[in-house]
**Q** 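Below is the structure I would like to discuss, written out as structure tokens.
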Number of protein chains: 2
Amino acid sequence: MDIDQQLLAAAERLFDRNGFNATGMGKLVREARLSSRTVYKHAGNKNALMARVLAERHRRFFEHTDFSTTTALFDSLAEWFAAEGIRGCLFFRAEAETGGDIPEIAAEVAAYHRELTERIADLVVRETGQADAQLADQILALFEGATTAATYRGAAVIEAARTCACQLVNARARP
Amino acid sequence: MDIDQQLLAAAERLFDRNGFNATGMGKLVREARLSSRTVYKHAGNKNALMARVLAERHRRFFEHTDFSTTTALFDSLAEWFAAEGIRGCLFFRAEAETGGDIPEIAAEVAAYHRELTERIADLVVRETGQADAQLADQILALFEGATTAATYRGAAVIEAARTCACQLVNARARP
DNA sequence: CTCAATGTAAAACGATCGTTTTACATGCGT
DNA sequence: ACGCATGTAAAACGATCGTTTTACATTGAG
């Protein structure tokens with residue numbers, strides 16, 4: 001299905017760069033070089049398309065990101081932004097734009113957040129030898145904060161967050 | 001100007017809860033209990049109204065927030081969310097929804113970010129005796145990250161971020 | 001008393017929204 | 001060769017968008 005990839009890629013790019021509500025289906029149809037009939041046949045409707053964009057982003061993000069060590073986690077984030085541009089977290093933005101009122105979208109956002117917190121919790125166990133909810137929350141905050149603050153402070157924030165997160169983990173390192 | 005306050009309050013509440021683009025002027029007029037004629041006489045147009053909402057939010061946020069110590073900073077954030085609800089940073093959301101394409105809005109967002117980073121830089125100088133760009137970026141990341149992550153993890157993230165930020169500052173405390 | 005300012009209520013503006021439909025072309029399996 | 005699925009191009013749908021306008025009420029100052 002080349003068409004599905006074409007559609008998803010155009011939708012992700014437009015939604016990410018210009019916002020969900022600000023991106024009309026007309027502009028999307030034009031940019032994807034498809035007819036509206038085909039778009040609606042493949043995507044159903046705009047909300048479902050947004051949900052599929054988030055699902056695809058979810059898959060691609062966790063495929064890219066290395067959760068094996070704290071250093072690798074933040075290095076992956078820096079690489080992601082170097083390749084994709086720094087516009088903050090698409091999941092948070094989707095939730096905010098829709099007020100959490102569209103179930104299909106809220107579900108994708110929740111799934112992303114669930115996996116992100118789980119992976120960080122696992123990372124903490126792996127690096128310190130025990131679960132530590134507060135440490136996991138701190139790394140999560142640094143991760144989210146680097147994602148947001150980098151939009152106006154640049155990549156230096158990611159490096160700063162990485163340094164901080166590694167210090168936290170090392171201070172509790174497996175003896 | 002009771003009308004200005006009425007209008008600004010309704011606009012801030014609707015924009016914050018439901019998003020900027022998802023909030024139509026019709027709904028806003030209804031909720032503010034004003035005529036559309038009066039709204040446009042006072043606000044000019046929707047973009048200017050959004051900009052004024054951000055300017056008012058900016059004023060109110062820095063009026064509320066205590067930048068005198070790191071602990072106080074994060075405590076202020078927790079209080080803000082306890083009073084206003086946890087929906088993430090309105091400035092970041094405004095910038096994301098508009099793609100940075102509306103100058104009046106981009107300017108207000110930039111002004112907020114400028115003051116936030118300045119205040120944190122000053123806080124670092126005050127608590128450690130010297131400027132430290134990386135430390136300031138770390139506190140900024142923790143602050144932004146707590147704001148974002150609290151939307152789905154709750155207030156515990158703010159407490160975790162506060163603990164982390166205070167450790168960072170204490171490790172570099174004035175000798 | 002009058003005039004100008006300021007407000008409301010409601011209709012109307014053209015534009016654009018998300019979505020469906022009509023009409024037609026193409027290719028593929030039986 | 002036929003029929004059906006799948007695509008395009010484009011018109012049309014009602015709804016809603018941001019904004020302006022028309023018609024009228026209230027009020028405070030000169």
**Q** Whole angstroms only, please: what is the NZ-P distance between Lys46(A) and dT20(C)?
**A** 15 Å
**Q** Assess the side chains of Tyr152(A) and Glu144(B): does a donor N or O sit below 3.5 Å from an acceptor N or O?
**A** yes
**Q** Please enumerate all residues that pass side chain to side chain donor-acceptor pair (under 3.5 Å) together with Asn18(A), with sequence neighbours excluded.
**A** none
**Q** Using a 3.5 Å distance criterion without hydrogens, assess whether the side chain of Lys46(A) forms a donor-acceptor pair with backbone atoms of Phe20(A).
**A** yes
**Q** Check this for me: Arg59(B), atom CZ, are more than 12 non-hydrogen atoms of other residues, nucleotides or ligands nearer than 6.0 Å?
**A** yes
**Q** Whole-Å distance between dT21(D) C1' and Tyr40(B) OH?
**A** 13 Å
**Q** Output the rounded distance in Å from CG (Asn47(B)) to P (dC17(D)).
**A** 16 Å
**Q** Return yes if a side-chain donor-acceptor contact under 3.5 Å exists between Glu108(A) and His58(A), otherwise no.
**A** no
**Q** May I have the distance from Arg30(A) (atom CZ) to dG18(C) (atom C1'), rounded to whole angstrom?
**A** 14 Å
**Q** Contact list please: residues 17-29 of chain A against DNA chain C, heavy atoms, distance less than 4.0 Å, in numerical order.
**A** Thr23(A), Gly24(A), Met25(A)
**Q** Is Arg57(A) close to Glu12(A) at the side-chain level, that is, under 4.5 Å between some pair of heavy atoms?
**A** yes
**Q** Produce a footprint string for nucleotides 3-12 of chain D: one letter per nucleotide, 5' end first; B if the base is under 4.0 Å from any protein heavy atom, S if only the sugar-phosphate is, - if neither.
**A** ----BBBB--
**Q** Is the shortest heavy-atom distance from the side chain of Leu7(B) to the side chain of Val39(B) under 4.5 Å?
**A** yes
**Q** Just by distance, do the side chain of Arg93(A) and the backbone of Arg87(A) share a donor-acceptor pair under 3.5 Å?
**A** yes
